[in-house]
Amino acid sequence: MAISVEQAIQCMLERTPVLSSEQVTLERALGRSLAQNLYARYSQPPFDRSPLDGYAVRAEDLVGAAPDTPVILQVVDKLYAGSVANVSVGPGQAVRLMTGSMIPLGADCVIMQEDTDGGEEEVRIFRSVSADSNICWEGEEYQAGDLLLPGGQLIDAAAVAVAAGAGYRMLTVRQQVKAVILSTGDELQQPGEDLYPGKIYDSNAAYLRVSLQQMGVEILDVCSVKDDTSRISAAINQYIGVADLILTTGGVSVGQKDLMESAILQSGGEILFHGLSMKPGMPTMLSVKDETLILSLSGNPFSAAVPFFLLVRPMLARMVQNSVWEPRWITVRAATPFEKSSPTRRFIRGTCLADEVAIPSKQANGQMRSMIGCNCLLDIPAGSGPIHVGDTLKALPL
Ligand code: AMP
Ligand code: MG
């Protein structure tokens, strides 16, 4: 019996394991899900520092400084970024500073080089500034002990910068989800081969591979097998207990060469559901064996893509404990019409710009060209008539 997508997700999540964690270097952390809260070990910046090239001075010494009445101070030290301040600034004194250097004791502000004559022994200062001017304070960005990145943070370039800036070389992250893609069908040829009569190129394997890679999944293998129960079963067996997810395409419907269910049973898989009450992707099947989930999608490219996005995102969110993969539906308005009625719940592709969605007229399940530029799936409830411009729709950004 066909179940709703929501029931399917529920049923899937009950059998979806949370992956364990591992330590990886920052260079290998991109796209991974942080498995622990990351706290600051030092304050940032770790010391009061100068944001510019200039002189550390006492604001009270600069009172009245102007281009015609410069204040002249004695330069008692010079500091570069990375050097340690040893001399303190007394009345009538200044310390030459370069950007990033420590603020020496005694000084309460920095005057920029452009407001001085740049002197080395003594310096003429042409402007006054108030105390605390031009200082980046210790701990101004964060204090030692502050939470920098919460567990579940997706590691992107900014997160890598924050972790590196806080001195972390290793991060504790969820294991990467490991997936295998298995396309099935006697008609399939691989891109690059000559096309023989009656055959088609396998686009699903390539599509699912890159879609999974975009979601940070490690692809263990991509293979294509003929419509043959034993061969499909053998290909699946190879990765049971090894992959977290085996994605298959083709052979899930009711035709005489639709052998996926029998192949899964031959492999000892437990079928969790077979059939979703929606179009496309109605014959979608989910099975499990030894903690490996096997999601079997229809062969038609768009019929595979729809349940792929609807089911794999929440599956990943659970496995790596990362809410960024949780589907977030938004409300949009149709900018173009869609002629067909939808007796059953239907998902179609669209291109959202702000809260308006353009719906390509070509929506056939076997066609992917109109998917170019599409960035969302639209959820059309069962029993809907044609969609008119201005109608409100639920969209899942891809
Ligand atoms: P099936 O789900 O096996 O009944 O296949 C449904 C339709 O999708 C048929 O027209 C197949 O030729 C086509 N098809 C199956 N597998 C693929 C694939 N990997 N790439 C592109 N089209 C496919
Ligand atoms: Mg087939």
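What you see is a predicted model; the values in this text were computed from it and never measured. One-based numbering along the sequence shown. Indexing begins at 1, ligand by ligand and atom by atom, following the structure's order.
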for atom 3 (O) of ligand 1, nearest protein heavy atom and its distance come out as Gly251 N, 3.0 Å
Kindly assign one of parallel, tilted or perpendicular to the pair Tyr207 and Phe309, based on the angle between their ring planes and the thresholds 30° and 60°. perpendicular
Ligand 1 to Tyr201, heavy atom cutoff 4.0 Å, flagged ligand atoms 20 (N), 21 (C)
Restricting to heavy atoms, the pick from Ser303, Pro301, Gly299 nearest atom 23 (C) of ligand 1 would be Gly299
Sorted by chain and residue number, the side-chain hydrogen bond (donor to acceptor under 3.5 Å, both in side chains) partners of Glu339 (sequence neighbours excluded) come out as none
of all protein heavy atoms, closest to atom 4 (O) of ligand 1 is Asp258 OD1, 3.8 Å
Nearest non-hydrogen protein atom to atom 12 (O) of ligand 1, with distance, is Glu187 OE2, 2.5 Å
closest protein heavy atom to atom 7 (C) of ligand 1 is Asn300 OD1, 3.4 Å
Residue set satisfying salt bridge (charged side-chain N to carboxylate O under 4.0 Å, His left out) with Arg124, at least two apart, ordered chain then number -> Asp117
*Determine whether any heavy atom of Gly185 lies closer than 4.0 Å to an atom of ligand 1.*
no
If you scan protein heavy atoms around atom 19 (N) of ligand 1, the nearest is Asp202 OD1, 2.9 Å
For ligand 1, is there an atom lying under 4.0 Å from some heavy atom of Asp227? no
Test side chain to side chain donor-acceptor pair (under 3.5 Å), reference Arg32, set Gln153, Glu22, Gln175, output is Glu22
For Ser224 and Ser183, which I'm curious about, is there any donor-acceptor pair between the side chains at under 3.5 Å?
yes
Quick note on ligand 1: atoms under 4.0 Å from a heavy atom of Ile200 include exactly 12 (O), 13 (C), 14 (N), 21 (C), 22 (N), 23 (C)
| field | salt bridge (Lys or Arg N to Asp or Glu O under 4.0 Å) between Glu141 and Arg49, intermediate numbers included | value | CA-CA 12 Å; Glu141 185 181 0; Arg49 72 179 176 195; over 6 Å; no
Note: ligand 1 atoms sitting under 4.0 Å from heavy atoms of Leu188 are 16 (N), 17 (C), 18 (C), 19 (N)
Quick note on ligand 1: atoms under 4.0 Å from a heavy atom of Gly250 include exactly 2 (O), 3 (O)
shortest atom 18 (C) of ligand 1-to-protein heavy-atom contact is with Asn204 ND2, 3.1 Å
Donor + acceptor pair across side chains of Gln363, Arg349 (<3.5 Å)
yes
When distances are taken from atom 20 (N) of ligand 1, the protein heavy atom at minimum range is Ser203 N, 3.1 Å
| message | Side chains of Thr248 and Ser296: any donor to acceptor distance under 3.5 Å? | response | yes
| task | For the residue pair Ser267 and Asn237, confirm or rule out a side-chain donor-acceptor distance under 3.5 Å. | result | yes
